[in-house]
Amino acid sequence: PTPPVMPAPTPTPISTEAPPATSTPTPRPRATATPLPQPTATATTVATRTPTATADGGELAEYVDPSGDFAVGYPADWRWLTDDQIRERLGIDDERAEESTLENIAFVVASPDGRAIVSVTRSRLPASEDGALEEVVRAVREANAAWVAGKDDVAEEAIMLDGVDAVRLTYTADDPATGMSGGRLIRQVVTTADGDAVILTFVVRADDADVFEWTFRRMEESWQWRS
């Protein structure tokens with residue numbers, strides 16, 4: 001049987017206009033608008049946003065999986081999205097599929113101008129499945145085909161994610177904000193951890209792909225397994 005892996009979110013760029021005064025989205029528990037303190041020597045297994053120096057002299061904040069299994073960096077000036085903002089950008093018509101996807105999302109951050117979005121999803125695989133990577137990738141591709149509108153041919157590439165086997169999927173899809181065919185570029189890095197499917201997803205307007213390529217590579221290379 002196919003593991004019930006929901007597609008990672010495929011949001012559209014965020015408007016830079018201020019929302020109406022009556023719109024007040026409820027923040028996700030893991031993210032706040034208040035900057036968090038600098039890291040201390042005390043170990044933690046909850047989500048953190050620790051600035052980390054990078055090779056090019058910039059900074060990446062760090063998201064740490066609440067279970068302590070992995071960490072990934074993202075640009076320190078990118079902002080976390082609320083549940084309501086994520087729902088608006090999932091691009092999934094089926095309400096139950098949308099809610100299942102939302103439950104599996106570990107975090108979602110967007111660039112300051114809203115032109116690019118990055119997410120991490122983690123979903124439990126059925127006990128009947130052995131967690132083989134090829135089976136998980138197949139399930140992700142089937143879910144994308146079912147729920148991602150206008151998905152084009154998928155380029156599949158075997159890679160290593162901090163020394164662990166992973167597969168990078170790259171494809172274009174319709175932009176739900178503009179209706180443009182092939183208007184979004186989506187990249188998903190799929191792997192497994194402790195019986196879970198883990199997916200790191202990058203979404204950007206197709207014509208902005210080159211602008212964010214280095215940022216996406218940086219984030220992918222920042223991935224660290226902690227257990």
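The chain is numbered in sequence order, starting from 1.
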A.B. asks: For P75 and T215, work out which heavy atoms get closest and say how close.
C.D. replies: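 Heavy atoms of P75 and T215 come nearest at CG-CG2, 3.7 Å.
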A.B. asks: Are V108 and I117 close enough that some pair of their side-chain heavy atoms sits under 4.5 Å apart?
C.D. replies: yes
A.B. asks: Within the structure provided, determine whether F202 and Q188 are in side-chain contact (heavy-atom separation under 4.5 Å).
C.D. replies: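 No, too far: nothing below the 4.5 Å cut-off.
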A.B. asks: Grab the two heavy atoms, one from L185 and one from A209, that are nearest each other, plus how far apart they are.
C.D. replies: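 Taking L185 first and A209 second, the nearest heavy atoms are CD2-CB, 3.5 Å.
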A.B. asks: Any donor and acceptor pair, going by atom type alone, linking the side chain of T191 with main-chain N or O of D165 inside 3.5 Å?
C.D. replies: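 Yes, the answer is positive, given that a donor and an acceptor are paired below the 3.5 Å cut-off.
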A.B. asks: Could you walk me through whether T192 and V198 pass the side-chain contact (heavy atoms from CB on, under 4.5 Å) test, one step at a time?
C.D. replies: CA-CA 5 Å; T192 59; V198 180; over 6 Å; no
A.B. asks: Under a 4.5 Å cut-off applied to non-hydrogen side-chain atoms, are V167 and I159 in contact?
C.D. replies: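 With C-beta onward as the side chain, the pair stays apart.
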A.B. asks: Check for a donor-acceptor pair, side chain of R226 on one end and backbone N or O of G68 on the other, with a separation under 3.5 Å.
C.D. replies: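 Not confirmed, R226 side chain does not pair with G68 backbone.
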A.B. asks: Would you call T170 and V154 a side-chain contact if the rule is heavy atoms closer than 4.5 Å?
C.D. replies: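 No, every pair of side-chain atoms sits at 4.5 Å or beyond.
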A.B. asks: With a 4.5 Å limit on heavy-atom distance, are the side chains of V189 and I199 in contact?
C.D. replies: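 V189 does not reach I199 side chain to side chain.
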A.B. asks: Side chains of Y74 and W80 only: does a donor on one sit below 3.5 Å from an acceptor on the other?
C.D. replies: yes
A.B. asks: If hydrophobic clusters are built from ILVMFWY residues whose side chains come within less than 4.5 Å, do L200 and W225 share one?
C.D. replies: yes
A.B. asks: Evaluate the side-chain proximity of R122 to D65: yes if any heavy-atom separation is below 4.5 Å, no if none is.
C.D. replies: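 Counting from C-beta outward, D65 and R122 do come under 4.5 Å.
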A.B. asks: Should R138 and E142 count as an ion pair when the cut-off is N to O under 4.0 Å?
C.D. replies: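 Here R138 pairs with E142 in a salt bridge, since their nearest N and O are under 4.0 Å apart.
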A.B. asks: Answer yes if V211 and V118 sit in the same cluster of Ile, Leu, Val, Met, Phe, Trp and Tyr residues linked by side chain heavy atoms under 4.5 Å apart, and no otherwise.
C.D. replies: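 Result: yes, single cluster for both.
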A.B. asks: Closest approach of A110 and L81, non-hydrogen atoms and distance?
C.D. replies: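 Taking every non-hydrogen atom into account, CB-CD2, 4.0 Å.
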A.B. asks: Using a 4.5 Å cut-off on heavy atoms from C-beta on, say whether the side chain of V120 contacts that of V72.
C.D. replies: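 Result yes, sub-4.5 Å side-chain heavy-atom pair found.
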A.B. asks: Give, for atom CZ of R184 and atom OH of Y171, the distance between the pair rounded to the nearest 0.5 Å.
C.D. replies: 8.0 Å
A.B. asks: Got a sec, which residues hit side-chain hydrogen bond (donor to acceptor under 3.5 Å, both in side chains) with R141, two or more places apart in sequence or on another chain?
C.D. replies: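 R141 satisfies side-chain hydrogen bond (donor to acceptor under 3.5 Å, both in side chains) with E156 only.
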A.B. asks: Which heavy atom of A71 sits nearest to which heavy atom of V64, and what is that distance?
C.D. replies: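 Nearest pair, atom of A71 first, then V64: CB-CG2, 4.1 Å.
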A.B. asks: Working to the nearest 0.5 Å, report the span between CD1 of I186 and CG of L169.
C.D. replies: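 That separation rounds to 10.5 Å.
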A.B. asks: In terms of side-chain geometry, is the basic nitrogen of D208 or R115 positioned less than 4.0 Å from the acidic oxygen of its partner?
C.D. replies: yes
A.B. asks: Strictly below 4.0 Å, N to O, side chains only: are E157 and R187 in salt-bridge contact?
C.D. replies: no
A.B. asks: Is the shortest side-chain N to carboxylate O distance from D196 to R124 below 4.0 Å?
C.D. replies: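 Yes, D196 and R124 are salt-bridged.
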A.B. asks: Is the shortest distance from a Lys or Arg side-chain nitrogen in R217 or E221 to a carboxylate oxygen in the other one below 4.0 Å?
C.D. replies: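 Answer for the salt bridge query: no.
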A.B. asks: Treating S222 as the side-chain partner and G73 as the backbone partner, does any N or O pair qualify as donor plus acceptor under 3.5 Å?
C.D. replies: yes
A.B. asks: For the pair W223 and V164, evaluate side-chain contact (heavy atoms from CB on, under 4.5 Å) and give the outcome as yes or no after the intermediate values.
C.D. replies: CA-CA 10 Å; W223 189 281; V164 173; over 6 Å; no
A.B. asks: Would you please say whether a donor-acceptor pair under 3.5 Å links the side chains of S111 and R79?
C.D. replies: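 No pair is found: no donor N or O on one side chain lies under 3.5 Å from an acceptor on the other.
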A.B. asks: Nearest heavy-atom pair of G182 and A206: which atoms, and what distance?
C.D. replies: O-CB, 3.5 Å
A.B. asks: Would you mind reporting whether F70 and L161 have side-chain heavy atoms less than 4.5 Å apart?
C.D. replies: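 Result no, sub-4.5 Å side-chain heavy-atom pair not found.
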